[in-house]
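Numbers restart at 1 for each chain; the letters A, B, ... are given by sequence-line order, proteins then strands.
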2 protein chains.
Amino acid sequence: MELQEAKDKFVQAWGTLGSQWGINRTMTQIHALLLVSAEPLSADDIMEQLQISRGNVNMNVRDLIDWGLVFKVLKPGERKEFFSAEKDIWKVFKQVVKERRRRELEPVFGILEDVSKVEGNPDNPEYKAFIKPIQDIQKIASRADSTLETLTKADENWFFSTLLKLLK
Amino acid sequence: MELQEAKDKFVQAWGTLGSQWGINRTMTQIHALLLVSAEPLSADDIMEQLQISRGNVNMNVRDLIDWGLVFKVLKPGERKEFFSAEKDIWKVFKQVVKERRRRELEPVFGILEDVSKVEGNPDNPEYKAFIKPIQDIQKIASRADSTLETLTKADENWFFSTLLKLLK
DNA sequence: TTATACTTTCAAAATTTTTTGAAACATATT
DNA sequence: AATATGTTTCAAAAAATTTTGAAAGTATAA
């Protein structure tokens, strides 16, 4: 397989994965492209390689920057801005976990807390049928959340070697 | 807060979370509704409570059954089918992890393996810039995958107590 | 066998999400 | 100050996804 073909396949696969997980396909494709580029790329480079418009590049690169996955790079003597992705994959992984937790999971934890304050008679089967799963979700969510929080602060080798040792 | 209001809020929040994570909003809403219902519900019940069409209910319930999160319940004497959600939240969590791994993560692992066979000179910076992140992703993915596989087979208390002890 | 009760399918419609591209904006150069 | 180079915005268009609803399908009862 040619390098270019392999890059294309990877960009494609990353894009598909992104969209299946609720992240804009183009955003993850740009991320993939920058991830495997030896040099930082300009908006024009990205436009050309992915065959997308300037506005699309601009918006999605901004989102990637907001997510902390991509950085502007200024080349001395050049007026253009260039973009480079964070190459430390463990950092990338932690950053994605951190952001999704903050943006999407935390609001749900808030709502769970909120609705678990519902008034009702503990003997009412309707009430019990509601409160039980809510409490169970809260319990698992808070445990999972602690694990994720640890993960977002941990060193890769420590985290996995600890984990894999324990779970064996 | 009234029970009905709390249910609605929960259904709403679960639907939003689902769509943010790439799962059909209605599918997760139906799941939420069944999760907090004391009794199994018929297609008509779901149509009424969520104000959606019969076709929509049918398709999304089928998907939930495919995911292993919902089951048909036949009430003696009734011609209608009723539906009930798996109420053991740990099982639900494991099932979702298992299915997404199988449907969405596994194909990507295949592609990573595929593209990592790319030919190239190990001294070529372009080649190195490609192969390094791919290998790093493979390494983290395979470690994460082992953890997830363990999770899908584990008992809740064992899994989290082990985990939280270790990560402290 | 025919009628009734319910479920499934799927093309078309509605909705949501993404993308475009041109105008406005910003900054550097002549 | 005028021009050139590059970036950002956002309303409109395009594309993708979801939903509808009526017709076809299936099974039970009369």
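Rounded to the nearest 0.5 angstrom, B:Q4 CD and A:F130 CZ are separated by 9.5 Å.
If you measure from atom CG of A:N60 to atom P of C:dT19, you get 6 Å, rounded to the nearest angstrom. Distance B:D63 CG to C:dT8 C1': 13 Å, rounded to the nearest Å.
Both A:V36 and A:I89 belong to a single network of hydrophobic side chains, linked directly or stepwise wherever heavy atoms of I, L, V, M, F, W or Y lie under 4.5 Å apart.
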Apply side-chain contact (heavy atoms from CB on, under 4.5 Å) to residues A:L151 and A:W90 and explain how you reach the verdict.
CA-CA 10 Å; A:L151 181 148; A:W90 177 244; 4.1 Å; yes
Run the numbers on B:S142 and B:D145 for side chain to side chain donor-acceptor pair (under 3.5 Å), then give the verdict.
CA-CA 5 Å; B:S142 79; B:D145 200 49; over 6 Å; no
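A:D44 has a carboxylate O that lies under 4.0 Å from a charged side-chain N of A:R54, or vice versa, which qualifies the two as a salt bridge. With respect to A:D136 and A:K132, a salt bridge is recorded, a charged nitrogen being found less than 4.0 Å from a carboxylate O.
Taking a 4.0 Å limit (strictly below) on heavy-atom distances, residues 13-49 of chain B does not reach DNA chain C anywhere. The stretch residues 71-85 of chain A comes close to DNA chain D through A:K72, A:R79, A:K80, A:E81, each having a heavy atom under 4.0 Å from the strand.
Here the side chains of B:K98 and B:E149 are not in contact, with every heavy-atom distance at 4.5 Å or above.
Under the salt bridge (charged side-chain N to carboxylate O under 4.0 Å, His left out) criterion, B:D8 pairs with no residue at all, not counting sequence neighbours. In this view, B:K7 and A:E126 satisfy the side-chain hydrogen bond (donor to acceptor under 3.5 Å, both in side chains) rule, not counting sequence neighbours. With sequence neighbours left out, B:T162 forms a side-chain hydrogen bond (donor to acceptor under 3.5 Å, both in side chains) with B:W158.
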Can you name the atoms? Protein N/O to nucleotides 9-13 of chain D N/O, anything below 3.5 Å, with the distance.
| from | atom 1 | to | atom 2 | distance (Å) |
| --- | --- | --- | --- | --- |
| D:dT9 | OP2 | A:R62 | NH2 | 2.8 |

